[in-house]
Each structure stands twice: as structure tokens, then as C-alpha cells.
Amino acid sequence: MPKEYRTIQEVAGPLMLVKDVEGVTYDELAEIELFNGEKRRCRVLEINGGNALVQLFENSTGINLSNSKVRFLGRSMELGVSEDMLGRVFDGLGRPMDGGPEILPDRRADVNGLPMNPAARNYPQEFIQTGVSAIDGLNTLVRGQKLPIFSASGLPHAQLAAQIARQAKVRGTNEPFVVVFAAMGITFEESDYFIQSFKETGAIDRTVMFVNLANDPAVERIATPKMALTAAEYLAFEKNYHVLVILTDITNYADALREVSAARKEVPGRRGYPGYMYTDLATMYERAGRQRGKSGSITMIPILTMPEDDKTHPIPDLTGYITEGQIILSRELYRKNVSPPIDVLPSLSRLKDKGIGEGRTRADHAATMNQLFAAYARGKEAKELMVVLGEAALTEIDKLYAKFADAFENEYVSQGYTANRDIEDTLDLGWKLLSILPRSELKRINDKLLDQYYGKV
């Protein structure tokens, strides 16, 4: 029976100081019982001698210092895991919020997980088809990769995330991904959009959702991605599913981290975020990957809205260091009605070379990808010159490149949120657009491929 303490010394915001405790450990769960019998959950943040600093998951309203009691439960935060989680919606602490019954767990897993030993990792190299040309053709996602989407306030990252969640699959197998979807600090409307979007397409049956709304406590927001990753690890490494983890919005998670850090009176780092934010994000992102000897895998797409559209802000900056690339959404393309508004030039998938080519996608993939990048970059340059000097200053070939850039944005990048393109369709479309340019300009593609595809698609 857990020992009870009536030694609450002080309550400040989400924090509570309990004196004269024994045998209490860091990160241990506790529950506080109010005078009226109501119970609230909390966890230990810090131990100093016989004093325990405890963080409340709910608000501190109504806690009376003299007649409330605290029980330490002797375990850290856990999630009951089972295959029955598929098709269900949970709150940020893993409690059902879809009106369905409680889960009967196979076992209870510590939500902090264990870091994957680098020597036990398998290299990510299997192509994942998302059905989105700007990703599949140019910034290819591979199984076991961490590829964040850098968005900005008001851009349609939610639609893109839902589209990838519905469409993603590993080529060569019929098994679709199981999706673990964690939403942190989102509005009720956004939450409803995701749930309805998955229900309409039937994707909900292979989705586990954890939803933390904007009006839920900040502490719960910090627990949400850990809950999701614990469910993902169970499904991938014990039940051998391909798991796609989508985390949105990492910015809300980092803000919750800052809020709790400020309440603890810690010394702030850049822009007031705690100095350990890099470590905290890394422990979360590095739970993705493939393990030797296991057929399951975790592929992760974290989504973050860059404050003030600034990719040097600490959150995107640190995320870029830890993950293998980024997909960047552009406000300028969004204004031009390009959907999804993926800016392919600054976007990057560091593992794209590993998942493409003969036997994975098609032999012409790498060459056409490089040629499309080069042609689009030159086309954008030509369009900028046109704005400054007028169209008359452009050579005939510059005009062709400008025409290519427009067609590339309107046909290749822009495809809407319901189109699901096979990689062959994406590659054929690339050839169709490259045929706008004379063959002599396609210097990044060898003659054998040009003979086979140029002007034939």
C-alpha cells in the first residue's frame, strides 16, 4: 500500500512541494486526494533530501494544504498497450476519449521507453510511397526515417499530414502503414478534422490517435508524444507492423516544455526555452528507426509551425540537427494556390538516395530528380530577372525555363489533398515537364535514359 503524506508545503501553479518524504524517486507517479475525495494525478520532478517537487497534470484549484494528501505510487508513467488500440482515440494521458471501453492491455509499458542501441539499428533504405509527387519524386521518404515538415501558422500542414497518413505504403508489399497520430495543443476543430478525415477513408481502422487539445494542461502535452511512441514501439517491434508516427505540433510541445521549465525557475536558454530542449527532442525523435532482426519499423513525420516563419528559430533549428532532412511549406506558393505548397528547393531528404533507383523505384529516378531540381532553380531565377528587367531582357531559352518553372509548380507540386500518385505517374510527369526544354539542356541525364523516355511520355 503506498504511503500517504499530509505534508504539502506549498503550491505554485502546476508545481507542489511535499516535505519529509522517504524512498521517492525521480519521475515517479503520484496522486493527490482532495478533502472531497477527488483525485488528481501528478509526477515527481525533483528530489532534494526529504523534499519532493511534484508536477500536477490537472490544475491546482481547490487544493487545501492542510487536509489534502499525497500518495506516491512507486512507478513511472505507463501506458497499457494492446492491438485493440487500433481504431481508437485517446487523450494525452492514454485514456479513451472516443466513448469506447477501456483497453485490456497485453502489458503496461513505461512511456519513457529506452533509446535504441545504434549498433542494433538497420539502415533505412526502403522507399515509402506517400502519393505526393513533391515528396516521392524529389525528397523521398524511406522506412525508418525521421522527416519533419516545417510549416508556418495558417499553412495547410494538417491536410498534408492527413493525406500522408491515409496514403503511405511500402512498395512491394500490400501492407499499409499503421498510423500512430499524436496531436499536441491543437484546437477542437483541427482535432475533429483529423478524426473525420480518417473515418471517411476508413484509415481510422489502422490508426491510433492521441489528442491533447489547446485547453488541456501543458504537462499532459509533454506526455502525449511519449504515449504515442510507446504505442508505436509496441506495434512495430512486438507486433511487426510498419508504423508511421505523425506528431503535430512540435512547437506546442516545446512551448509546454518552456512553460514547465519557467515554473521550476530553471535558467532559460535561447528564446527562453530550456537548455536541455535539444536532448529532450532527441530522446523523442531517436525512438524512430528499424531494428535488426525485427520486421517492423517506425517512420516519423514531426510537424512544426515555425514561429514568425523563421527556420533559425530554436525549435526548427534543433529539429533539423536531429532528423534526416525537412519538407518546407511555403507561404508564397500557398498564395499562388499551389496545394500542397511544398517548396522543393530548400526541402531535403538526406536519405533519398538510399530508397530510389533500379529495383526500388525506377532506374531513371535519380537522374530526373537532379534535372528537375536544376531546371526549377534556373526557371525561378529567370522569373526573378523577368520581374526586374522585363520579359524582353530574357533569352529564348530563359523564357522556356520560366515556362517550365510555372508548369512544375502547377502540375508537379500542386496535386490537391486527395490525389494519390504512384511513383511511375510522378516520374512520367517529370519527363513530360522536362520535354518543355530542348534535349541539349538535359545535361544531368545520360543518353540511354533520354532515348528511352525523352518526348515519349
Side-chain angles (χ1 to χ4, degrees), residues 83 85-90 98 126-136 139-151 155-171 173-184 186-187 189-212 224-225 227-229 231-233 235-236 241-250 252-253 285 287-288 296-305 323 326-327 329 339-342 349 415-423:
E83 284 187 86
M85 300 174 88
L86 290 167
R88 299 294 305 276
V89 184
F90 302 91
D98 54 6
E126 288 159 278
F127 168 68
I128 291 174
Q129 181 175 292
T130 63
V132 179
S133 291
I135 297 175
D136 292 349
N139 293 292
T140 316
L141 176 66
V142 298
R143 191 159 75 89
Q145 185 176 1
K146 308 174 285 292
L147 187 63
I149 294 173
F150 287 7
S151 181
L155 295 187
H157 47 268
Q159 286 92 315
L160 181 60
Q163 182 177 17
I164 294 170
R166 291 192 308 266
Q167 297 178 179
K169 65 175 188 180
V170 174
R171 295 267 293 185
T173 65
N174 290 326
E175 43 197 304
F177 273 83
V178 165
V179 177
V180 175
F181 194 95
M184 295 155 278
I186 64 170
T187 62
E189 282 79 11
E190 283 177 294
S191 155
D192 198 49
Y193 167 77
F194 285 122
I195 294 169
Q196 293 311 322
S197 163
F198 291 158
K199 277 183 178 166
E200 280 164 22
T201 56
I204 190 81
D205 297 336
R206 54 182 176 86
T207 303
V208 185
M209 292 188 74
F210 292 85
V211 178
N212 163 272
T224 307
M227 291 280 170
L229 285 160
E233 283 166 345
L235 292 168
Y241 286 101
H242 297 317
V243 182
L244 177 66
V245 177
I246 296 180
L247 306 173
T248 180
D249 179 343
I250 296 294
N252 294 336
Y253 170 83
Y285 294 147
R287 289 170 75 172
S297 63
I298 298 177
T299 307
M300 186 188 288
I301 299 182
I303 297 170
L304 54 94
T305 47
T323 54
Q326 67 277 332
I327 301 291
L329 300 190
S339 61
I342 295 173
S349 168
Q415 64 177 75
Y417 298 106
T418 52
N420 185 359
R421 290 181 183 162
D422 280 348
I423 186 62

Among residues at least two apart in sequence or on other chains, which ones pass side chain to side chain donor-acceptor pair (under 3.5 Å) with [X]?
| X | value |
| --- | --- |
| Asp422 | Gln129 |
| Thr207 | none |
| Gln145 | Ser349 |
| Ser191 | none |

According to ring-ring contact (aromatic ring centres under 6.0 Å, His included), who are the partners of [X], at least two apart in sequence or on a separate chain?
| X | result |
| --- | --- |
| Phe127 | none |
| Phe150 | none |
| Phe90 | Phe210 |

TODO: State which residues pass salt bridge (Lys or Arg N to Asp or Glu O under 4.0 Å) with Glu126; sequence neighbours excluded, sorted by chain then number.
DONE: Arg143, Arg290
Spacing of [X] atom [atom1] and [Y] atom [atom2] [to the nearest 0.5 Å]:
| X | Y | atom1 | atom2 | answer |
| --- | --- | --- | --- | --- |
| Ile135 | Thr140 | CD1 | OG1 | 9.5 Å |
| Ile204 | Met209 | CD1 | CE | 6.0 Å |
| Tyr193 | Thr187 | OH | OG1 | 12.5 Å |
| Gln326 | Leu147 | CD | CG | 8.0 Å |
| Ile164 | Asn420 | CD1 | CG | 11.5 Å |
| Leu247 | Ile303 | CG | CD1 | 8.5 Å |

- [ ] Indicate the atoms forming the closest heavy-atom contact of Ala134 with Ile342, along with that distance.
- [x] CB-CD1, 3.9 Å
Open item on the list: For Ile250 versus Pro302, what's the shortest heavy-atom pair and its separation?
Closed with: CG1-CB, 3.8 Å
Any donor-acceptor N/O pair, [X] side chain to [Y] backbone, under 3.5 Å:
| X | Y | answer |
| --- | --- | --- |
| Arg166 | Gly202 | no |
| Gln415 | Ser133 | yes |
| Asp136 | Gly131 | yes |
| Gln163 | Ala419 | yes |

Could I get the full list of side chain to side chain contact (heavy atoms under 4.5 Å, CB included) partners for [X], not counting sequence neighbours?
| X | result |
| --- | --- |
| Ala232 | Val180, Val243, Val245, Ile298 |
| Thr418 | none |
| Asp98 | Arg88, Val89, Pro96 |

TODO: Over 60° means perpendicular and under 30° means parallel, so classify the ring planes of Phe198 and Phe181, tilted if in between.
DONE: perpendicular
For the residue pair [X] and [Y], establish whether any side-chain heavy-atom pair is separated by less than 4.5 Å.
| X | Y | result |
| --- | --- | --- |
| Leu304 | Asp249 | yes |
| Ile128 | Phe177 | yes |
| Asn252 | Asn212 | no |

Task: Trace of the side-chain contact (heavy atoms from CB on, under 4.5 Å) decision for Thr323 with Met300 - done: CA-CA 9 Å; Thr323 54; Met300 186 188 288; over 6 Å; no
- [ ] Using the side-chain contact (heavy atoms from CB on, under 4.5 Å) rule, take Ile327 and Leu141 through it: C-alpha gap first, then chi angles, then the decisive distance, then the call.
- [x] CA-CA 10 Å; Ile327 301 291; Leu141 176 66; over 6 Å; no
